[in-house]
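Encoded as structure tokens, the structure appears first; notes follow it.
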Amino acid sequence: MTYINLVLNNIFNLIVSPFKNISPIWSLIFFSLLVAILMLLIFRSTSNQTKIKETKSKIRAYIYELSLFKDELGIVLSAQKNVLFQNLKYMKYALKPMIFMIIPLALILIQLDSLYGHKPLDPKESTIVSLKLSEDSKIPDRISIKSDGGLSIETPPLRIPKDNQVDWRIKAQELGEHNLIFNVQDQEYQKMVIVGDQGIIRITPTVSTPNFWNNLLNPGQKPLAKGGLVKEIHVDYKRNSIGVFKWRLDWLVILFVLSIVFAFSMKGLFKVEI
Amino acid sequence: MKENYRINLAFTLLLITTLSLFVSLLSCSENKGISKNNKSQTNQKLIVIGFDGMDYKLLKNLMSEGKLPTFKKLSEEGDFKPLGTSIPPQSPVAWSNFITGMNPGGHGIFDFIHRDPETMFPYLSTSKIEQAQKTVTIGKWVIPLSSGEVKLLRQGKAFWEYLTDDGIQTTIFRVPANFPTTTNTEANQISGMGTPDIQGTYGTFSYFTDKPPEEYSDISGGEIFPVRARNNVVTAKLPGPLNTFKKNAPESKVKFKVFIDPDNPVAKIVVQDNEIILQEGEWSDWVKIKYSLVPLLQSTTGIVRFYIKELHPDFKMYVSPVNIDPSAPALPISTPDEYAEELANEIGLFYTQGIPEDTKALSEEVLTDNEFLEQTNLVMDEEMKMLEYELERFQSGMLFFYIGRVDQLSHMFWRTMDPKHPAYDSATELRQVIENAYIEMDGILAQVLEKVDDNTTIIVLSDHGFAPFYRAFNLNTWLSKEGYITLTNDEEGEFFQNVDWSSTQAYGVGFNGLYINLKYREREGIIDSSNREELLDEISEKLLKIRDPKNGEQVISRVYRADEVYSGPNLKDAPDLIVGYNAGYRASWETVLGSFPKEVLRDNTEKWSGDHLMEAQLVPGIVLSNKKIPSESPALYDIAPTILSEFGIPRQEGMIGNSIFNSDKLEN
């Protein structure tokens, strides 16, 4: 998974690079277009286009029947039953391409979330850093945190024995990529913290010990070493939102709406029956 | 087929182009103010700064000592005079005079507290929140069939309504007695004193502790919640608004946890999606709290600040009153509606409750003097950000900005600078608090003056001055002892519960109001209107004769007759007499809401130690301007006509004053 992440990270970094210093909405529009094309191509190649076309025609026909015989209760009920049945059939035909779409879409969405999902810390902004110890460890006495610069540690460690967790409040002081260095009973761990004020910056709030799901969901940073005392380090970045007119929306909403709009407007171009 | 392909291609390109256009537009529209009143028909600019409670004598003394260079400069280049306050000199009354150019007979605000003559129950004078009148109850749920209403009770047109009618861009910032904000005007307004918290009170703090004081059930302005830390975790509930969607409107609550480090003075508060780490002695930023009223259908959001007083050995945590969230206001705190949200986006969340300084928490000793000062500094920081934001975008028209710091600090810290005060502590290190507040205001004024050019008139004013509050007078107890009130028992009571109205002639409500129990006005009135005059004369005469047994001083220096000092359509609702206390004296807290403590006079040993609810002439406000003020005795009700006249708008119907920049002031 680590190698797949590495490849994907580079591809997405490359795509996003021309958009880095302009409003994120532009790159999101571009990604929406790419996602729409990808969805159309997968849908075309994995679905039974003839059957879908046939089912949609039948649905249209039964709806037409509904309007023609609206005074004939028997026909109306039968047409409604048929519309429902054809809809279920349509869903059946759509299921296969959906299954094929899940994996590439999931990888894309995870990548996009690491690019758009969280805001880097603003200079002078405080946040919480949590360190979770592995289940079989107790919170040791010797535990410390320091920054290699650009961050200040505002509080002593807050130990929560019940959750095997230690928290600190840190404060961003300077723009840039900074490292927090944890020392847990002479074992050293690092977590990168991003302080930024503009552009699209890849953010990985959590690093954890390697396993498939952790690696899949946290593509931006190398996992922690296996077998250590620490299981997970989390920086509490705020969720990001993107300005669209007077609203601020999550990137996922924008991508969802735009990719659907693009897909429907380009289905003829790609000769896809949706 | 090819045709179809071309159409699709063209459509796609059109879509992309349209989207691009929209995106460009939205990029352009980001971070711009949303003020609706974009009309700008004048180069004339007027900035009015309202320093609540700034005292004429104190200001003059500090100016002469050279501690307020900006005030001094402004007074030398323009003018500086005492400003006649309202009768009585209470902020909602005074600022209503300012807003309308009328006296209380015109705008109908006579005191902080009015009474309903039908029920004899006291109520807050400036606004009224009414729940839905028509509802249907299904099981435990109450479904409203009509909407509730929030009413501003101040009558008369505000000066900014005339300004915006004439196309003058206007911003009115936190003026008291303006909740809900005036509608029918394009002025940007954010409400001030009189704005409730989300519980509908004027500010109710919460205090969570495992060491509650012995008597904590009836503290004023807050609630104390005893808690226990189990395995270093405190679990408690934060009270919120009454849930009127449920039968009997129970208080809605939100659960939260505090994780305490076993040794270090640090804790994590976890409430809903928020996690906050605080050390002892630290204040949190604003935290949004969502109260669910009907699951998935109806909720309301408030904002709070947490303050950790102590973690070891005892747990002590203060939580601010739940303020209305300005980014999604549950009540009408701004006009246009989006103005509060715009401010929140620009400067961050901010206190929206009318009086943000938590004086009750200090009075109840939940916060210490220094902790209270820190809290007021948070308020001040927010106000400064707002002022900077408004000054930055002020181009033309009128800007009014209100600052309540001097008033609140003068109330709470008079005892630190006045050795005669019963609560004076000679060891205090806080003697300079009030003086420092004046010096801070000097700095703010300097910042404002940087914005003043040749086209700008600046007026700096206060609504009233200040005096010590040494002794508290129980007006209702005195009336009872003099035989004007008959009680059914000897208890202190409250809200006149123990008053026998069938043999009561007069009663006091609010801080300065005295009413005759008049037939056909009060529900159980007994005094004929033909006997009213005689009774008023008799009570007035007796009030003026009261001497303090402690020092022989006159307690009440003036008694005003409403029909002599008020004019206008609301005179009928006025108290019959307005009691003007001598400097050092004031109505007791108990008498305001109809209680009857045993003694008539008592020492005021509370932290609330300075006041102004006295004879109006004893506590004048201030007015300074960069223009000469020829008017010999400018008063608050002159300011509205002054503002209008600066933009060439004549004095309006109902206004009783005249421009302070005219020498030919008419007698009213």
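Side chains included, hydrogens not; waters and symmetry mates left out as well; all remaining heavy atoms used. Protein chains get the first letters and strands the later ones, always in sequence-line order, with residue 1 at the start of each. None of these values were measured; they are calculated from a predicted model.
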**Within 6.0 angstrom of B:D285 CG, more than 12 heavy atoms from elsewhere** = no
**Message:** Does atom NZ (B:K237) have a neighbourhood of more than 12 heavy atoms from anything else shown, all under 6.0 Å?
**Reply:** no
**Request:** Can you tell which part of B:E341 gets under 4.5 Å to a heavy atom of chain A, answering side chain, backbone, both or neither?
**Result:** neither
**Item:** Over 12 non-hydrogen atoms of neighbours within 6.0 angstrom of CZ in A:F19
**Value:** yes
**Message:** Which residues in residues 256-281 of chain B have any heavy atom closer than 4.5 Å to a heavy atom of chain A?
**Reply:** B:F259, B:I260, B:D261, B:P262, B:D263, B:N264, B:V266, B:A267, B:K268, B:E275, B:I276, B:I277, B:L278, B:Q279
**Item:** Heavy atoms from other residues, nucleotides or ligands near NZ of B:K309 exceed 12 (cutoff 6.0 Å)
**Value:** yes
**Request:** Verify the neighbour count for atom CD of A:Q185: are there more than 12 heavy atoms of other residues, nucleotides or ligands below 6.0 Å?
**Result:** yes
**Asked** By a 4.5 Å heavy-atom criterion (distance strictly below it), what part of A:L158 contacts chain B: side chain, backbone, both, or neither?
**Response** both
